[in-house]
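Here's the structure, in structure tokens; my notes come after.
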Amino acid sequence: MVQTYGKKPTRMGYGDGLLTLGETDPRVVVFDADLAKSTTTDWFAEKFPARFFDAGIAEQNMLGMAAGMSLLGKTPFVSTYGVFVAGRAWDQIRTTICYSKLNVKIGGMHGGVSVGPDGATHQALEEITIMRVLPNMIVLSPCDYHESYKATLAAAQIAGPVYLRFGREAVPIISTPETPFEFGKAALWRDGNDVALLATGHMVYHALEAAEALAGAGVNALVLNVHTIKPLDEEAVLAAVAQCGCAVTCEEHQTTGGFGGAIAELLAKRRPTPLRFIGVQDRFGESGQPDELFEEFGLSAHFIVKAAREVMQAAKK
Amino acid sequence: MELGDLVRMARQIRRDIVTITHVAGSGHPGGSLSSADFVTALYFHKLRHRPEDPHWEGRDRVIFSKGHVAPVLYAALARSGYFPVADLNGLRRLGSHLQGHPCTCTPGVEVGTGSLGQGLSVAVGMAMAAKLDGRPNLFYCVNGDGELQEGQIWEALMAAGHYRLDNLLTFIDYNNLQIDGEVEKVMGVAPLADKLRAFRWEVVGVDGHDMSALVAALDAFPRNDGKPTAIIGRTVKGKGVSFMENIAGWHGKAPNDEQYAQAMRELADPEV
């Protein structure tokens with residue numbers, strides 16, 4: 001069994017991170033676009049009302065206002081659903097924020113199909129791709145509540161734009177407040193030498209579950225928690241892959257151009273290796289319960305196990 | 001700067017616009033020429049800035065939301081002393097700090113612009129930050145009339161009214177021409193003043209080529225009345241160069257050698 005400590009949505013790690021920043025960093029201001037309860041920025045709003053701005057349902061202007069705030073020395077965190085910020089305000093993020101390398105942090109909630117019943121329009125599946133392609137942008141995808149909290153605090157210390165990806169559903173907490181988190185450094189969460197499971201976001205939990213199942217069958221899977229997708233910790237990924245000779249990427253996101261795409265680019269350049277991709281395969285999401293959707297979209301641990309076996313075979317292991 | 005000097009400076013800036021787009025072989029002279037008088041009044045009469053210290057905390061900020069008028073911005077910055085006038089010849093060349101559209105690589109440029117409709121939001125955010133900290137800086141934006149067709153502009157106008165940003169002024173270069181033709185035929189923005197007032201803005205209409213009117217409109221700002229200010233400047237695209245005036249085709253085209261020579265004759269300072 002994978003060691004867990006209850007369940008909590010990762011977006012709450014963001015909300016609590018902002019509360020801490022409210023106390024510790026007077027530069028921090030928070031924007032939301034009429035979703036403050038859902039993004040949990042209402043906690044910050046209640047405690048620091050003068051530093052909270054509801055932009056209304058107007059995301060593009062929200063990004064611009066945050067850009068302006070950053071130019072006067074503030075550290076704005078803009079918050080809404082991933083589809084409405086990464087998608088709808090992409091050109092604002094690209095041309096106003098990234099081109100001028102402005103110190104704007106973007107909290108994108110509701111990443112993945114686990115959003116559930118709201119369906120495709122609200123399930124962000126493309127943000128990793130369209131954020132990581134932007135020069136100057138940093139992309140963080142924490143695995144659980146505690147890591148989300150730490151990533152939010154870390155984002156405030158980074159000079160320049162940061163995209164943080166969070167989920168809606170309560171997901172297993174697999175770390176503790178003491179677990180080290182270092183921005184830019186992938187964390188080896190389980191060592192192994194048969195297959196490398198490279199995971200991001202709460203897919204780290206499912207990868208750990210898959211690794212347990214594989215261990216039962218005598219396969220030693222390595223699990224690497226890649227919370228920083230950009231800049232990618234290339235050396236950690238290459239070391240994991242060198243040790244195992246094959247790999248599976250795990251993300252709750254389109255694999256095309258996403259986390260899997262980032263790994264594939266790296267391996268093609270530096271160490272061509274048999275690779276399989278767990279993630280959404282060029283489809284829109286659907287309404288349903290999160291666990292049903294994890295089955296429907298091939299994201300659950302048993303799919304990772306199957307992909308691991310396939311890729312080991314391809315690598316002639 | 002005295003009124004007569006401002007008029008002379010505006011002419012100089014027009015010559016710069018024509019010259020540098022000619023040298024570059026591309027660029028946007030039309031809207032640069034239409035906004036040249038306002039930009040001159042702003043930079044050489046109203047703005048509190050220190051060109052030798054572009055990051056001075058106390059400076060007022062200017063955002064060119066219509067970023068394609070980079071030529072008038074660069075000319076104003078160079079003539080203000082942000083960088084040598086000779087740099088202007090590098091416009092649009094590889095390695096130059098004078099990119100085709102504004103970039104923070106140029107001293108005096110606060111933020112990159114060029115994708116229309118985005119700059120006003122940035123100015124709004126800056127004005128909000130100053131309010132939050134009780135800072136006295138003032139914030140200026142330059143918008144095009146065609147640019148007002150972007151939805152984000154109305155989001156920004158709404159926010160500025162909502163947050164009562166009386167430390168914010170935008171100049172709308174109302175030349176009624178955009179690339180595809182007359183603004184009112186392409187996608188009408190009239191009645192502009194009524195719309196802006198409905199968004200809780202103070203609206204001032206001026207002849208955008210009347211230097212004394214521009215100076216007076218700027219001098220009336222800030223009003224400290226809880227309302228952002230919009231100066232709607234009635235302007236002529238290509239103003240000052242006869243064959244460019246009111247021709248949409250001069251939005252983004254550089255003059256050839258012959259046209260350049262004629263434009264420079266028309267923009268010469270009168271004999272005293």
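The shown structure was predicted, so the numbers you read here are calculated from the model rather than taken from an experiment. Proteins get letters first, then strands, A, B, ... in listed order; numbering begins at 1 in each. Just the heavy atoms: all of them, side chains too, but no hydrogens, waters or symmetry mates, feed the values below.
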**Request:** Heavy-atom distances under 4.5 Å only: say whether B:A130 touches chain A with side chain, backbone, both or neither.
**Result:** both
**Message:** Heavy-atom count check: over 12 atoms from other residues, nucleotides or ligands less than 6.0 Å from B:D225 CG?
**Reply:** yes
**Message:** Can you tell me which portion of B:C103 sits under 4.5 Å from chain A's heavy atoms? Options are side chain, backbone, both or neither.
**Reply:** both
**Message:** Nearest 0.5 Å, please: how far is OG1 in B:T104 from CG in A:L102?
**Reply:** 7.5 Å
**Complete:** Highest number of heavy-atom pairs under 4.5 Å with chain A among B:R61, B:H101, B:E57 belongs to B:R61
**Complete:** Heavy atoms of A:S100 and B:G112 approach each other most closely as OG-N, 2.8 Å
**Request:** For each of A:G64, A:G56, A:P76, tally heavy-atom pairs with chain B at distances under 4.5 Å, and name the one with the top tally.
**Result:** A:G64
**Request:** Give the minimum heavy-atom separation between A:N61 and B:E155, together with the two atoms involved.
**Result:** N-OE1, 2.9 Å
**Prompt:** Do other residues, nucleotides or ligands put more than 12 heavy atoms under 6.0 Å from B:R164 CZ?
**Reply:** no
**Message:** Does B:K131 have more than 12 heavy atoms from other residues, nucleotides or ligands lying within 6.0 Å of its NZ?
**Reply:** yes
**Message:** Show the nearest heavy-atom pair for residues B:L132 and A:A50, with the distance to one decimal.
**Reply:** CD1-O, 3.2 Å
**Request:** Return the minimal non-hydrogen interatomic distance between A:M65 and B:A159, and the atom names on each side.
**Result:** SD-CB, 3.9 Å
**Asked** Between CZ of B:F139 and CG of A:L71, what distance do you get to the nearest 0.5 Å?
**Response** 10.0 Å
**Asked** Where on B:Q99 is there a heavy atom nearer than 4.5 Å to chain A: the side chain, the backbone, both, or neither?
**Response** side chain
**Prompt:** Under a 4.5 Å heavy-atom cut-off, does chain B meet the side chain of A:I97, its backbone, both or neither?
**Reply:** neither
**Message:** Atom CZ of residue position B:R59 - does it have more than 12 heavy atoms of other residues, nucleotides or ligands inside 6.0 Å?
**Reply:** yes
**Request:** Please assess B:Q152 against A:Q92 for the test side chain to side chain contact (heavy atoms under 4.5 Å, CB included), listing each intermediate value before the final yes or no.
**Result:** CA-CA 10 Å; B:Q152 188 185 346; A:Q92 286 72 17; 2.6 Å; yes
**Prompt:** Are any of the side-chain heavy atoms of B:D133 and A:K74 separated by less than 4.5 Å?
**Reply:** yes
**Sub-4.5 Å side-chain heavy-atom contact between A:D91 and B:Q118** = yes
**Request:** Sort B:A123 into side chain, backbone, both or neither according to what part of it lies under 4.5 angstrom from a heavy atom of chain A.
**Result:** neither
**Request:** Report the distance from atom OG of B:S115 to atom OH of A:Y99, rounding to the nearest 0.5 Å.
**Result:** 12.0 Å
**Request:** Side chain from CB out, backbone as N, CA, C, O: work out which of these in A:F53 comes under 4.5 Å of a heavy atom of chain B, or both, or neither.
**Result:** both
**Asked** Would you say A:K101 has more than 12 foreign heavy atoms packed within less than 6.0 Å of its NZ?
**Response** no
**Item:** Beyond-backbone contact of A:L72 with B:R135, side-chain heavy atoms, under 4.5 angstrom
**Value:** yes
